[in-house]
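Notes follow the structure.
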Amino acid sequence: MAAALGRAWLCRVLRNTGLGPRASRQAAFAFLQNDRIHSFTRSLASHDGRSSALGKILSVTKQETEDVGRQYPPAVSVSKAEQDYLLLHQPDQPENSQVLRVAIIGAPNAGKSTLSNRLLGRKVFPVSSKVHTTRCRAQGVITDGATQIVLLDTPGLISAVKAKRHNLEKSLLDDPWQSVKEADLVLVLVDISDHWTRNKLHTELLKCLSKYPHLPAVLVLNKVDLLKNKGLLLELTARLTEGVVNNRKLKIKSRFNSLPQQSTLSRNVSGKDRTGRQERGDGEAPIATGAWDGEYVMNKNALSEDSPGDSEFPHAEVSTDCVSGSDGSVQQPADTGSARPQGLAGQHGDSKHREGWPHFKEVFMLSAVNGEEVETLQRYLMTKAQPGSWDYHSAVVTDQSPQEICCNLIRERLLEHLPQEVPYNIIQSTELWEEGPSGELRILQNITVARKNHARLLIGQGGQLIGKIARDVGQDLMNIFLCDVQLKLCVKVKK
Ligand SMILES: Nc1nc2c(ncn2[C@@H]2O[C@H](COP(=O)(O)OP(=O)(O)OP(=O)(O)O)[C@@H](O)[C@H]2O)c(=O)[nH]1
């Protein structure tokens, strides 16, 4: 009640500054939710000169709103018409505008949507532990100063055979390829906590990279928070890059023989520091910071939390004895005692037989779920933007409609809470989408399941599960739209 009164008062104050009714309500909501008012005022006010009036009321300087605005991106409009208008609106780019389109590709469940949400600073893509949460590609937009980064979130890469066997829709097969075709840079995400898949790049990934060999590609090892033995990161890096990053050969050294003997890198484990001295276990642990091309790669603090000790960190460095082929490919020197894992396919082997990709420009090791090192990746992406026109107005955070966002987030929860195939056979339809008298968003969505027992599962005892899903999705939607949301879910059985 107190919050509602406070909101109404703030809303009136904001309206006196010349803001429209919805803008005032959103701003008031944001202010009382958190301090997201800064981003909101930035996105609204920076275009029409109202920033000074709002700034006075909120005691926020222009610099402050810009700084915090970087942290908190603009809200998404609850109205499809408004969102469509924004999407078609002429981008409000400055003269020195820069742009970078980034396709995020990887196997299903690698964490592509989680990373996209992290980079955006707002959850607009659905995430779940079940595969194929993302059904078609969608875009997220980060606008910071004169630079715009467009993230192309894609469904997990799958083979045509698999798509046919599981009767999966065409978008799952085509969209990742389409996104790569449109991208300026591709992020290849690998789930390094998955023992079954982490030792080799997915065949479809390799096919995709081979098809666009001149597109800059960056390897991202995700879910480092789940890895106990951090030393494995460098071993995996050597495998997945075929021992070459940015045209340079990797040399992996370990101060302690922590890598297993049968390791593909064991012949390079020297147990010595850079000066060739044998090191003691209590010395300062060398880490792979700035190992490649002078850029940041791995940060000890970011990765050491659950590490058994610094001795787990091997050291990686790059020798410059790699040469570029005339086609831009990297050729291995004859015998340099390289870190290249044995038994890998040749440099130009077909994607079926190779395990890694030797043309990655950079390697990042991060945790999309808790944000470790995501900012480092974001900074890197910012530096890669090239002069060019923006794709979107700075107030756009995604190209999805508000209804699509809502459907996807409900599906995310259905995937999370329902067993096996049940959530994949559900049909969702939005029956009501309207703005209530106090500016709240009212949504009624029908969820049609295939069988009665599925409906029982979904409703849960005394309506507990469906109630929880409605509350959780409602909360997510409030954070996206920055307004009150009343979400009702109605479970039906297919006739
Ligand atoms: N522990 C941990 N879990 C993560 C991390 N990143 C993603 N996840 C989890 O991995 C699961 C899959 O994440 P998504 O972002 O949906 O993966 P995706 O690649 O978009 O999946 P698809 O839509 O199937 O292609 C979710 O349960 C996430 O919470 C991470 O860095 N650490």
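Quick note: residue numbers are just sequence positions, from 1. One-based numbering, in listed order, for ligands and for the atoms of each.
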Ligand 1 versus [X], non-hydrogen atoms closer than 4.0 Å: side chain, backbone, both, neither?
X    : value
S193 : neither
N109 : both
V127 : both
L226 : side chain

Ligand 1 atoms in contact with [X] (distance to a heavy atom under 4.0 Å):
X    : result
S113 : 15 (O), 20 (O)
D225 : 1 (N), 2 (C), 30 (C), 31 (O), 32 (N)
S367 : 30 (C), 31 (O), 32 (N)

From CA spacing to verdict: side chain to side chain contact (heavy atoms under 4.5 Å, CB included), Q378, D144
CA-CA 11 Å; Q378 182 154 13; D144 185 1; over 6 Å; no
Min N/O separation [X] to ligand 1 under 3.5 Å:
X    : value
V369 : yes
T154 : no
D153 : no
V224 : no

Taking atom types as modelled and ignoring hydrogens, do the side chains of S367 and E373 form a donor-acceptor contact shorter than 3.5 angstrom?
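Their side chains do not contain a donor-acceptor pair, so the 3.5 Å distance test is not met.
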Between the side chains of N408 and Q400, is a donor N or O closer than 3.5 angstrom to an acceptor N or O?
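Yes - a donor-acceptor pair under 3.5 Å links their side chains.
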Nearest-option assignment for atom 26 (C) of ligand 1, heavy atoms, candidates G111, S128, A368:
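Looking at heavy atoms only, the winner is S128.
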Using heavy-atom distances only, which candidate in K112, K223, E373 approaches atom 10 (O) of ligand 1 most closely?
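Selected option, by shortest heavy-atom distance: K223.
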Atom [atom1] in [X], atom [atom2] in [Y]: separation rounded to 0.5 Å?
X    : Y    : atom1 : atom2 : value
K181 : L152 : NZ    : CG    : 13.5 Å
N247 : H359 : CG    : NE2   : 8.5 Å
L477 : Q475 : CG    : CD    : 9.5 Å

Min side-chain heavy-atom separation C208-V186 under 4.5 Å:
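Of all side-chain heavy-atom pairs linking V186 with C208, none is under 4.5 Å.
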Is a donor on one side and an acceptor on the other found under 3.5 Å between the side chain of E412 and the backbone of V473?
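Checking the backbone N and O of V473 against the side chain of E412, no donor-acceptor pair under 3.5 Å is found.
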I'd like to know if A110 contacts ligand 1, where contact means a heavy-atom distance under 4.0 Å to any ligand atom.
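Yes, A110 has a heavy atom closer than 4.0 Å to ligand 1.
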Going through the checks in order, is the side chain to side chain contact (heavy atoms under 4.5 Å, CB included) test met by I410 and Q428?
CA-CA 9 Å; I410 293 172; Q428 297 170 246; 3.6 Å; yes
